[in-house]
Novice: 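Can you read through this structure? Questions will come right after.
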Amino acid sequence: MTDSDLLRPDAAADTSLTGPAADALVDPPADPLADPRLDAVGDGPRPRLLLVDGHSMAYRAFFALPADNFSTSTGQVTNAVYGFTSMLINVLRDEAPTHVAVAFDVSRQTFRAAEYAEYKAGRAKTPTEFAGQVPLVKEVLAALRITVVEKEGYEADDVIATLATQARARGFETLVSTGDRDALQLVDEATTVLYPRKGVSDLVRMTPDAVEEKYGVRPARYPDLAALVGETSDNLPGVPGVGPKTAAKWLATHDGLEGVVAAVDTISGKAGASLREHLDQVLRNRRLNRLVADLDLPVGVDDLALVAWDREEVHRVFDSLEFRVLRDRLFATLQAAEPEAEGGFAVEVARPRGADVAAWLDARAAGRAALHVTGRWGGGTGEVTGLAVAGEGGAAWFPLGGDDEPDPLDDEGRAAVAAWLADADRPKVLHDAKGPLLALAGSGLPVAGLVDDTALAAYLCRPDQRSFDLADLVLRHLHRELRLEEPAGEAAAPADADDQLALDVDGTGAATTPDPAPAAAVRAAAVLELSGVLAGELAERGGSALLAELELPLVGVLARMERRGVAADRAHLEALEEQFAATVSEQAEAAYAVIDRRVNLGSPKQLQEVLFEQLGMPKTKRNKTGYTTDAEALADLLVKTEDTEGSEFLVRLLAHRDASRLRQTVEGLLKTVAPDGRIHTTYQQTIAATGRLSSTDPNLQNIPIRTEEGRRIRQAFVVGEGYESLLTADYSQIEMRIMAHLSGDEGLVEAFRSGEDLHSFVGSRVFEVEPAEVTPAMRSKIKAMSYGLAYGLSAFGLSRQLRIAVDEARGLMDDYFERFGGVRDYLRGVVDAARTTGYTETILGRRRYLPDLTSDNRQRREMAERMALNAPIQGSAADVIKVAMLGVERALAEEGLRSRMLLQVHDELVLEVAPGEREVLEALVRREMGGAAELSVPLDVSVGVGTSWHEAGH
DNA sequence: TGAATTCTAGC
DNA sequence: TTGCTAGAATTCAT
């Protein structure tokens, strides 16, 4: 039997098509024999095509999800739509396809039924509740602008086979999501079937190897196997007495079904006789299960590229289906993959001078106005070169640079700008305001009336995003590009990309462009528009108050802290650098002496060579490039190599590491001491997904404290001139207190109310002894566990950290949870709730979206679960100290104190105490920090004072 | 030159 | 196989 013997129907029936490709000019289907090297798409990342069998997947969902739980208030059953949509979102997220199509069966009148009247006959009639949902699935797809392809007389699988074949020739990687096993014949190196294991959320990747492992044949042979064995769901009976094992064996022995047929008379036994008896049936099965891969479709794979979906339509459809959680998940997971700019900004830039400046600002920027500042900033200061203002009435550019400005703003104009900037009743919007505010202040132009910051708004909407670059946000939320749109009438200029380069859209100003005004004005206009859109999105996410009352006021507080900086003892730092450097070379020489050669002790690669080859030490834990040489592993090795040459090397190596780390830190600090003798860090307000701040240039949130040597670095942070001392105030065990509050666990709450040492109290409960009898070993176990719980620590992790057996660690956890069941219930509940809503929330309603909670990938899912455990705790602690910072800053001003806040280190504030204010300041700080939140446990604050950060520590 | 990797400091 | 960061050094691809 050859291919030509197999029945092939006429491909002339109607086709139908919806979605963006319906409008596309359609090329004839690509010739599957064309040379893929000539035809493949570009040099870019390899395109990925996702093909979904809509009917099959929705049908699976229909039976997987209980209809009772999925119906709208109007009684429409939605379980199939829900399951299908959920599956689609997950696959779009996890596989990130560039092209997508969903194929549907049109009816049962297929060429297969024409050949074999009983085809799929055994099936129960399609339930009406399911049939009614197919149009809804198509509505969802239309809103997402995903192409739907159908072909009269054929099944979805034939459409998929045709598109997959084209895609293969075009160099695509293809994923086929279907519950129909016939599709397995399409699997090859470039084509993977995602086959539902159970329901529709658990998809198995059927690669060539996976198919072979499961069925014993390569994918191309799968239909041969199915023809022999039969396919119940299609009502295609196989050879009685022949199962997959026998069939696979035959196919292997005779090189496929053709060979089996040719050798049919030689096959012995009962099964052989059965085969001979049912040979016609097998051949018919084989004709029917062959997918048609050369249908004439109105779309080619290139027409299936993902496009930006119709936001309003998505909202309308999801609203009508009452899919709140799914919609959130959709936006949370796929916003990043939602591009397609439709244009730029048509901005005309006014350049008023003299009295016209005030007039322009009054007329055009009386209401909400956006600012884009050009200039330099950082290290707590800066200076501006220019300012673009965009109001409802248009945009203007004010050059504010110094002498090199060709057409500077006159004094009268500058005064008008200054007055407008300082007027709190003129509402202003900036993107990432802190730096620009410092620059304006540095140029003598203080700003009041900041009512929105688009970077902060976007951060609160989706705190997990890596960057809040204005151009990205404009693309994502406004579907526009950050460029000047030439007015339609002046279309004389060709739309040449090079022309746009001259506009300096990066907004840094002078260097690349003679006129910074248009780019700055475009940015200001974009910020103004973005502000409105993000306000809506943030309100939907319940974050408006968080922005207005916490993050936005904090911008000014942080700017002032950065401007103040903290005084540094340069001489002390220099002395430390010298000492640490001496230790570094000393230890390095000693290490070289042991191994009799010089290596780079800072190179993990060379260290591995020394440790595991030259010195023959036992292998440590693996990492990507070999075996780890981290401090923990080296400490292990030290124990194992006691009193050998190797142990001497290890000791030297560890000492060298410590010293060079300290030297590095000191060097970094020295480089950042400003001319005023102070170190001005920069706080990042939109980096940490939990809501914490971070600190850069330099990072003052990781200054050593744990070791004696390290603490000497803290002696270099000193009280500045005109002040009496430094005061540090920190929350003790704030995360555990928040856990007590959030969980409401009676035991833990009591622990904090009792005033007893937390870990001893908890330890006495867990080990069932008096608090006084809790040994240091017991206490440290409890401490590790308590903190680990808030991070999602496993019994395995606990055992590793405490160097105890896994069973012992598990027992410890069981005992803990038995005594503190509220904690366990809370931790479970928080993950469940996050899975339902799609996000976690802090005590102030700060959300973190965790779409991976429903990922099919176990590693990603479990990671998301640990994030869900930790985010409310770490994030609430961040909320609390931010409230405290606002309170402290406000109270200092209200009470007219000269003392000032300098640093924040997550649960600690460092202040500079003005002469005579120590006591009143301490009271103020305790009051503001202690009262920053009303929890069911007290917020304990400990305070220390000294002339250096080290001395003030406690 | 830049990305990826490893290691370590803090909370 | 415990969360959130910043940053330096090395290595390797470009």
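We name chains A, B, ... by the order of the sequence lines, and we start the count at 1 in each one.
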Novice: Measuring from atom CG of A:L550 to atom CD of A:Q685, what distance do you get when rounded to the nearest 0.5 angstrom?
Specialist: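 Going from the CG atom of A:L550 to the CD atom of A:Q685 covers 8.5 Å.
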Novice: Protein-nucleotides 9-11 of chain B N/O pairs closer than 3.5 Å?
Specialist:
residue, atom, partner, partner atom, Å
B:dA9, N3, A:N702, ND2, 3.1
B:dG10, OP1, A:I705, N, 2.6
B:dG10, OP1, A:R706, N, 2.8
B:dC11, OP2, A:R706, NH2, 3.4
B:dC11, O3', A:D907, OD1, 2.8
B:dC11, O3', A:D907, OD2, 3.0
B:dC11, O2, A:R692, NH1, 2.6
B:dC11, O2, A:R692, NH2, 2.9

Novice: Partners of A:D630 by side-chain hydrogen bond (donor to acceptor under 3.5 Å, both in side chains), sequence neighbours excluded?
Specialist: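 By the side-chain hydrogen bond (donor to acceptor under 3.5 Å, both in side chains) rule, A:D630 matches A:T628.
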Novice: Using a cut-off of 4.0 Å on non-hydrogen atoms, how would the nucleic acid contact of A:A795 be classed: base, sugar-phosphate, or nothing?
Specialist: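 Nothing, no nucleic acid heavy atom in range.
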Novice: Would you compute the distance between atom OH of A:Y459 and atom CD of A:E551 and round it to the nearest 0.5 angstrom?
Specialist: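 Reported to 0.5 Å precision, the distance equals 6.5 Å.
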Novice: What's the CD-C1' distance between A:Q685 and C:dT5, to the nearest Å?
Specialist: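 Result: 16 Å.
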Novice: Mind checking the P distance from B:dT5 to C:dT1? Whole angstroms is fine.
Specialist: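 B:dT5 and C:dT1 have their P atoms separated by 16 Å.
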Novice: Tell me: NZ of A:K621 to P of B:dT6, nearest whole Å?
Specialist: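 Rounding to the nearest Å, NZ of A:K621 and P of B:dT6 are 11 Å apart.
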Novice: Aromatic rings A:Y839 and A:Y849: how do their planes relate, parallel, tilted or perpendicular, breaks at 30° and 60°?
Specialist: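 Judged by the thresholds at 30° and 60°, the geometry between A:Y839 and A:Y849 is tilted.
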Novice: Sequence neighbours excluded, which residues qualify as salt bridge (charged side-chain N to carboxylate O under 4.0 Å, His left out) partners of A:E577?
Specialist: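 Not a single residue meets the salt bridge (charged side-chain N to carboxylate O under 4.0 Å, His left out) criterion with A:E577.
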Novice: I need the CE-P distance between A:M785 and C:dT2, as an integer number of Å.
Specialist: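 Distance check: A:M785 CE to C:dT2 P gives 15 Å.
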Novice: What parts of residues 938-954 of chain A reach DNA chain C, counting only heavy atoms under 4.0 Å away?
Specialist: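 Going residue by residue through residues 938-954 of chain A, none turns out to have a heavy atom under 4.0 Å of DNA chain C.
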Novice: Given atom CG of A:D630 and atom P of B:dC7, what is their separation to the nearest angstrom?
Specialist: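 Value for this atom pair: 5 Å.
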Novice: Looking across every strand, which nucleic acid part, if any, lies under 4.0 Å from A:A878 by heavy atom: base, sugar-phosphate, or nothing?
Specialist: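 Nothing, no heavy atom under 4.0 Å.
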Novice: For A:E574, does the CD atom have more than 12 heavy-atom neighbours from other residues, nucleotides or ligands under 6.0 Å away?
Specialist: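 It does: A:E574 CD has more than 12 such atoms within range.
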Novice: Between A:S695 and A:Q701, is any side-chain donor less than 3.5 angstrom from a side-chain acceptor?
Specialist: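 Note: A:S695 and A:Q701 side chains miss the donor-acceptor criterion.
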Novice: Does A:D757 pair with A:R779 as a salt bridge, N-O distance under 4.0 Å?
Specialist: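 Salt bridge flag = yes for A:R779 with A:D757.
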Novice: Got a salt bridge between A:R560 and A:E889, using NZ or NE/NH1/NH2 to carboxylate O under 4.0 Å?
Specialist: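 So A:R560 pairs with A:E889 through a salt bridge.
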Novice: Among the candidates C:dC4, B:dT5, C:dT5, find the nucleotide nearest to the side-chain atoms of A:S694.
Specialist: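 Minimum distance to the A:S694 side chain belongs to C:dT5.
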Novice: Given atom OH of A:Y683 and atom C1' of C:dA6, what is their separation to the nearest angstrom?
Specialist: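 Result: 13 Å.
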Novice: Check each of A:L615, A:L638, A:D636, A:V594 against A:L650 using the side-chain contact (heavy atoms from CB on, under 4.5 Å) test, and report the only one that passes.
Specialist: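 One option only clears the test, and that one is A:L638.
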Novice: Just call it for A:A688: base, sugar-phosphate, or nothing, with non-hydrogen atoms closer than 4.0 Å on any strand.
Specialist: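 Sugar-phosphate only.
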Novice: Considering just the side-chain nitrogens and oxygens of A:S695, establish if one lies under 4.0 Å of OP1 or OP2 belonging to C:dA6.
Specialist: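 Result: no.
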Novice: Answer yes when A:K882 and A:D879 have at least one side-chain N-carboxylate O distance shorter than 4.0 Å, and no when they do not.
Specialist: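 Salt bridge between A:K882 and A:D879, a charged N being under 4.0 Å from a carboxylate O: no.
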Novice: OP1 or OP2 of C:dG3 less than 4.0 angstrom from a side-chain nitrogen or oxygen of A:R866, does that happen here?
Specialist: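 Looking at the OP1 and OP2 atoms of C:dG3, one of them is under 4.0 Å from a side-chain N or O of A:R866.
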Novice: Grab the CD-P distance between A:E865 and C:dT1 for me, whole Å please.
Specialist: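 Atom-to-atom, A:E865 to C:dT1, this comes out as 14 Å.
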Novice: Set out, in order, the CA-CA distance, both residues' side-chain angles and the distance that settles side chain to side chain donor-acceptor pair (under 3.5 Å) for A:R622 and A:Y627, then state yes or no.
Specialist: CA-CA 4 Å; A:R622 281 213 69 109; A:Y627 301 93; 3.3 Å; yes
Novice: Can you measure A:L634 atom CG to B:dT6 atom C1' for me and round it to whole angstrom units?
Specialist: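 To the nearest whole Å, that distance equals 12 Å.
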Novice: According to a strict under-4.0 Å criterion, is A:R848 in side-chain N/O contact with OP1 or OP2 of C:dC4?
Specialist: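 Yes, A:R848 has a side-chain N/O under 4.0 Å of OP1/OP2 on C:dC4.
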Novice: Is it the case that more than 12 heavy atoms not belonging to A:R597 sit under 6.0 Å from its CZ atom?
Specialist: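 Check passes, neighbour count above 12.
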Novice: Applying the salt bridge (Lys or Arg N to Asp or Glu O under 4.0 Å) criterion to A:E865, which one of A:R860, A:R828, A:R858, A:R835 satisfies it?
Specialist: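 Among A:R860, A:R828, A:R858, A:R835, the one meeting salt bridge (Lys or Arg N to Asp or Glu O under 4.0 Å) with A:E865 is A:R835.
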Novice: Would you say a side-chain N or O of A:N623 is under 4.0 Å from OP1 or OP2 of B:dT6?
Specialist: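 For B:dT6, OP1/OP2 do have a side-chain N/O of A:N623 under 4.0 Å.
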Novice: Under the side chain to side chain donor-acceptor pair (under 3.5 Å) criterion, do A:E951 and A:T947 qualify, and how do the steps go?
Specialist: CA-CA 6 Å; A:E951 264 188 55; A:T947 57; 3.0 Å; yes
Novice: Students often get this wrong, so: under 4.0 angstrom with heavy atoms, is A:L798 touching a base, only sugar-phosphate, or nothing?
Specialist: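 The residue A:L798 makes no contact with any strand.
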Novice: With the threshold set at under 4.0 Å for non-hydrogen atoms, list the residues of residues 804-835 of chain A touching DNA chain C in residue-number order.
Specialist: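 Under 4.0 Å from DNA chain C: no residue of residues 804-835 of chain A.
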Novice: Atom CG of A:L611 and atom C1' of B:dT6: how far apart are they, to the nearest Å?
Specialist: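 It is 14 Å, rounded to the nearest whole Å.
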Novice: Sugar-phosphate means primed atoms, P, OP1 and OP2; the rest is base. With that split, encode nucleotides 9-14 of chain C 5' to 3' as B, S or - using protein heavy atoms under 4.0 Å.
Specialist: SSSS--
Novice: With a 4.0 Å cutoff (strictly under), does any side-chain N or O of A:S794 reach OP1 or OP2 of C:dT2?
Specialist: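 Affirmative; the distance criterion is met.
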